[in-house]
Every structure is written in C-alpha cells, then in structure tokens.
Student: 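Before we start, here is the structure in question, set down as structure tokens.
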Amino acid sequence: MDEKNINNLEELSENEIDPRLHFDAFMGGVKDGGLRSVNSIYLLICYIVENVNEKVTAEIILQAMNESGIANYFEVSDAIDKLKKSGTIIEGEDKQLSLNKNTGAEIELVEKDLPYTIRSKSVALVHKIIAKERFRRENSVEIEKGENSYFVNMIIGDKDTEFMRLKLFAATYEQAEIIKEKFISNPAKVYEAVINGIFQNEE
C-alpha cells in the first residue's frame, strides 16, 4: 500500500481490502486465521487506533499483535511507521496514536472487510494490555527468593494509600511468575476475593 492509498482508503480495490484475496504479508509467528495481507494489517492498525478509547501507543499495538499471533511483528512495525509517515496516523509527544480526522470516516467504510473476530480480539487484547500497564504502575508486586522457595509480595493501593499487602508462597520461580502475572492482570479481583473471604461467614 503506497502513501496515496493509505490516505485514500475509499479508493482501494476489493482485492486490496479483502484480507482473503491478497496474501503478501510475512507469516512468521502468525497463527492460523491471522492476517496474511499487508493491506489488512494497515486497516487493522487504523481500526485499533480509532476504536480503543484509551491511550494507545505503537508499543502496545505491537505487543498485542505479537501475543495474539494475529499479524507478524515486523509487518506491523513497518505498517505503523508508514502510516505515521503518510500522516494517516499521528503520534503525539506522549507517544499516543490518533487517526487523521479525514481517515476516520473512511475506516468505517472498510472495517467490514476485516474479519469480526480479528477486530474484536485485537481491540480486547489492546484494552487488556493497557489495563495491565495501568495496574503495574498503580500497584506493586515483587518476587522474593527464600532459602528453598520463593515468595510473591503484592501491594494494592494508589499513590496516597496502601489498601492491602499480601505475601504468597511459591515452590518454584515459574510458579511465582504465574502468580505475579495473574496479580498484575487484575489486582482489584485479588483484593475483592480476600475481602469476600474474610466477611462471607459473618451471617
């Protein structure tokens, strides 16, 4: 997709916008059902930027595509760079991406050419990564090595108040890492489970 076509998505032919018809993307690391068309990768990036109502950066999109196997990491990286250079996507000083206002309306016309499962999965994963990063900033979790085991120290709070401090035993480092990642993915759920466990037998 050249810069002219990036800026004029309405002018793309059916073969260019249908990811099933033009298989020209490198497939290393891409799972079955992933995007095989370079043009579909451009469209998906624009779709994500337009539909994620939070701060989304190039790094977050790359992480989402890499974790999901939806598209090849290097193809996505190259597409983001070209979209920025063409002015289709604008990157702010804080690295937040936004879609050129003139492109937003065009995306609505072509998004149907991307499989629904790809669209919904991509946006959901980007939201999940953003949430994890936010939780990581607001809460603390560290792995502490014991004599023959490990401990996972978890702190839930905000910048002013510490709500809970929890220490869990882990037999192996791998187990400790799993606990750490589960905590980071949803600290509020951990806090809620502890509180509910404390008060559930009061009646």
Side-chain angles (χ1 to χ4, degrees), residues 1-9 12 17 19 25-31 34-35 37-111 114-115 117-142 155-160 177 180-188:
M1 181 186 286
D2 58 28
E3 292 187 3
K4 179 181 178 181
N5 282 339
I6 292 173
N7 284 316
N8 296 282
L9 295 175
L12 292 175
I17 62 177
F26 184 60
M27 296 298 290
V30 180
K31 296 179 181 177
L35 298 181
S37 161
V38 170
N39 288 315
S40 64
I41 293 173
Y42 282 109
L43 293 178
L44 181 60
I45 292 168
C46 292
Y47 180 83
I48 290 172
V49 172
E50 178 72 359
N51 288 276
V52 174
N53 299 319
E54 296 185 72
K55 178 181 176 179
V56 60
T57 64
E59 183 180 350
I60 288 172
I61 294 176
L62 285 166
Q63 185 179 343
M65 296 300 98
N66 192 49
E67 289 184 9
S68 64
I70 288 175
N72 175 263
Y73 181 93
F74 297 104
E75 292 281 16
V76 175
S77 179
D78 183 62
I80 292 173
D81 286 341
K82 288 180 178 176
L83 286 166
K84 289 193 296 183
K85 288 178 181 177
S86 72
T88 303
I89 285 178
I90 301 167
E91 186 175 52
E93 293 183 2
D94 59 353
K95 302 297 183 181
Q96 180 173 356
L97 301 179
S98 60
L99 206 59
N100 185 301
K101 292 181 180 179
N102 295 327
T103 307
E106 296 172 1
I107 288 297
E108 294 180 4
L109 297 175
V110 299
E111 65 183 35
L114 291 167
T117 53
I118 293 289
R119 284 182 279 145
S120 59
K121 183 178 181 180
S122 299
V123 170
L125 187 53
V126 167
H127 276 297
K128 181 179 178 180
I129 292 172
I130 291 172
K132 286 179 69 174
E133 289 304 313
R134 183 169 61 248
F135 287 141
R136 197 187 299 269
R137 290 193 303 269
E138 294 175 353
N139 302 281
S140 173
V141 56
E142 295 180 350
I155 300 174
I156 297 176
D158 56 27
K159 61 180 181 180
D160 299 318
E177 278 287 349
K180 176 182 176 180
E181 287 304 312
K182 290 291 185 182
F183 171 76
I184 289 172
S185 66
N186 198 342

Student: Check the pair Ile61 / Leu97 against side-chain contact (heavy atoms from CB on, under 4.5 Å), numbers first and verdict last.
Tutor: CA-CA 10 Å; Ile61 294 176; Leu97 301 179; 3.9 Å; yes
Student: Step by step, work out the side-chain contact (heavy atoms from CB on, under 4.5 Å) result for Ile41 and Met65.
Tutor: CA-CA 10 Å; Ile41 293 173; Met65 296 300 98; over 6 Å; no
Student: By side-chain contact (heavy atoms from CB on, under 4.5 Å), which residues pair with Asp81, not counting sequence neighbours?
Tutor: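 In terms of side-chain contact (heavy atoms from CB on, under 4.5 Å), with neighbours along the sequence ignored, Asp81 is linked to Ser77, Lys84.
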Student: Please report the shortest heavy-atom distance between Pro187 and Asn139, naming the atom on each side.
Tutor: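 Here Pro187 and Asn139 meet closest at CG-ND2, 3.7 Å.
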Student: Kindly compute the distance separating CD1 (Ile48) from NE2 (His127), expressed to the nearest 0.5 Å.
Tutor: 10.0 Å
Student: Go through it in stages, so that I can follow the logic: the residues are Thr88 and Tyr42, the test is side-chain contact (heavy atoms from CB on, under 4.5 Å), and I'd like the CA-CA distance, side-chain angles, deciding distance and then a yes or no.
Tutor: CA-CA 10 Å; Thr88 303; Tyr42 282 109; over 6 Å; no
Student: How would you list all residue pairs meeting salt bridge (Lys or Arg N to Asp or Glu O under 4.0 Å) that involve residues 55-68, not counting sequence neighbours?
Tutor: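 Residue pairs with at least one partner in residues 55-68: there are none.
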Student: With heavy-atom distances below 4.5 Å as the criterion, would you say the side chains of Val52 and Ile130 are in contact?
Tutor: yes
Student: Where do Gly87 and Asn100 come nearest, in terms of heavy atoms and distance?
Tutor: O-ND2, 3.2 Å
Student: Restricting to non-hydrogen atoms, name the atom on Leu99 and the atom on Val49 that form the minimum distance, rounded to 0.1 Å.
Tutor: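 Scanning both residues, the minimum pair turns out to be N-CG1, 3.6 Å.
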Student: Rounded to the nearest 0.5 Å, what's the gap from OG1 on Thr117 to CZ on Arg119? Could you check?
Tutor: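 Reported to 0.5 Å precision, the distance equals 8.5 Å.
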Student: Under the salt bridge (charged side-chain N to carboxylate O under 4.0 Å, His left out) test, which residues partner Glu177, sequence neighbours left out?
Tutor: none
Student: Roughly how far, to the nearest 0.5 Å, is the CG atom of Asp78 from the CG atom of Leu83?
Tutor: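 That separation rounds to 9.5 Å.
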Student: Can you find a heavy atom in the side chain of Ile89 that is under 4.5 Å from one in the side chain of Ile80?
Tutor: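 Result no, sub-4.5 Å side-chain heavy-atom pair not found.
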Student: Over all heavy atoms of both residues, which pair between Leu125 and Ala64 is shortest? Give the atoms and the distance, please.
Tutor: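 Leu125 and Ala64 have their closest heavy atoms at CD2-O, 3.1 Å.
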Student: Within the side chain of Asn66, is there an N or O that forms a donor-acceptor pair under 3.5 Å with the backbone of Leu62?
Tutor: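 It does not hold such a pair.
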Student: With sequence neighbours left out, write down each residue that passes side chain to side chain donor-acceptor pair (under 3.5 Å) with Asn186, or none if nothing qualifies.
Tutor: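 Listed in chain order: nothing, the list is empty.
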Student: Supply the atom-to-atom distance Glu54 CD to Gln96 CD, rounded to the nearest 0.5 angstrom.
Tutor: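 So the gap between those two atoms works out to 10.0 Å.
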